[in-house]
Amino acid sequence: MPELPEVETIRRGLAATVLGKTITGAEVLTAKIIKAPAPDTFSRLAAGKRIEAIKRSGKYLLLELSEDYTMVIHLRMTGQLNYCPPDTPVRNSTVVIFRLDDGYDLRFVEPRGFGVLYLVPTADLGTVPGLNRLGPEPFSPEFTVDYLADIVRGRKAKIKSLLLDQNLIAGIGNIYADESLFRAGIHPERTAASLAPAEIERLYHAIRTEIAAGIEYRGTSVQSYFDVDGRKGSYQEHLKVYQQTGQPCPNCGAPIQKIKVGGRGTHYCPECQR
DNA sequence: ACGTTGACCTGTGTGC
DNA sequence: TGCACACAGGTCAACG
């Protein structure tokens, strides 16, 4: 489900609900999503730890716990976190239930089983795959027009594929990549190296505009994205190309096209994006 | 190093 | 209705 705006919305929801609470126990229903420590020791290690801070890095959620531990959660495509009373019926795609000292549950629901969970000493965060290699986020000080120019230089990859590379820019996924390229007027199959300086500058501002709008509208709910309280975001009401195949382009009226780029469904306006 | 492709899973929607 | 198939918000390993 979640790209940067959705994960940030979830982070804020967690800050409003579970921050400061203590995990009294953890029930592991699907062991395979727990990558560290060994699933049979996960519950024992989690129990008794207090949630002291809730951070986000790219699409990773980082729950800083007492005793210098950090829980790392990646929701991948369909993961959800639900904060709910313990008598709420347990959905069968629930993979872990955390019991909290306020009497509520925090439940990790993941129908496809792609999501991952790590509970590691904070000093070992570098051992979490992907997390240690993330590029700058769209709103970090290191993400500048010059940085974007640097990473596109000499690259033969299609610009859309490059935008999805978390090692180059952290947090953009399929929705915001398509929307950013539309806003910048750039065809998704252009090679990165072919972008002119003015296009790089437009793309830079488009990315930041789209990510900021996504956060403002509390994320995009196209299929299964819900925040910790089960609410949908509303940015799907403002999408201009993503999942708008055949709809008129809001700029020129031409029908939005769908193609595959790097194996991902890709939506664009054939008139406005060159 | 870079770029592309397939695999990982289950649920849902579409077309026959 | 039933069935087969394509596709899904992400990442990683394997290959050329």
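Because the structure is a prediction, the values reported are computed rather than measured. Letters go in sequence order (proteins before strands), and every chain restarts at 1.
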Rounded distance (Å) that lies between atom C1' of B/dA7 and atom NZ of A/K32: 12 Å
Rounded interatomic separation in angstrom, taking CD from A/E110 and P from B/dC9: 12 Å
Aromatic plane relationship, A/H238 with A/Y217 - under 30° parallel, 30 to 60° tilted, over 60° perpendicular: tilted
Expected output: side-chain A/S66 to main-chain A/R50 donor-acceptor under 3.5 Å: yes
Heavy atoms of other groups near A/R208 CZ, more than 12 under 6.0 Å: yes
Listed nucleotide nearest any side-chain atom of A/K59, set B/dG3, C/dT11, C/dG9: C/dT11
Residue A/R76, side-chain atoms from C-beta onward, closest of C/dG10, C/dG9, C/dA8: C/dG10
Euclidean distance, A/H187 NE2 relative to A/I259 CD1, rounded to 0.5 Å: 5.0 Å
Whether A/F114 stacks on the six-membered ring of C/dT11 base, 5.5 Å and 30° limits: no
For atom CD1 of A/I172 and atom C1' of C/dG9, their distance in whole Å: 14 Å
Touch class at under 4.0 angstrom, heavy-atom based, for A/G130 against every strand present: sugar-phosphate
Touch class at under 4.0 angstrom, heavy-atom based, for A/Y176 against every strand present: nothing
Nucleotide C/dG10, atom C1' - distance to OH of A/Y242 in whole Å: 12 Å
Check ion pair A/E210-A/R183 (N to O, under 4.0 angstrom): yes
Aromatic A/Y104 / basic A/K21 pairing, under 6.0 angstrom, 45° off normal: no
Any A/K156 side-chain nitrogen or oxygen under 4.0 Å from OP1 or OP2 of B/dT4: no
A/Q166 side-chain proximity, nearest of C/dG9, C/dT11, B/dG11: C/dT11
B/dT14 to C/dG9 separation - P atoms, rounded to the nearest Å: 16 Å
Under-4.0 Å salt bridge between A/K59 and A/E6: no
Phosphate OP1/OP2 of C/dA8: any A/K258 side-chain N/O under 4.0 Å: yes
Any A/H74 side-chain nitrogen or oxygen under 4.0 Å from OP1 or OP2 of C/dG10: no
Side-chain N or O of A/R112 closer than 4.0 Å to phosphate OP1/OP2 of B/dG11: no
A/K232 atom NZ, neighbour heavy-atom count above 12 within 6.0 Å: no
Range-with-range stems for DNA chain C, at least three Watson-Crick or G-U pairs under 3.5 Å: B:2-8 with C:10-16, B:10-16 with C:2-8
Pairing of A/E110 and A/R76 as salt bridge, 4.0 angstrom limit: no
Residues from residues 260-270 of chain A lying under 4.0 Å of DNA chain C - heavy atoms: A/K260, A/R264, A/G265
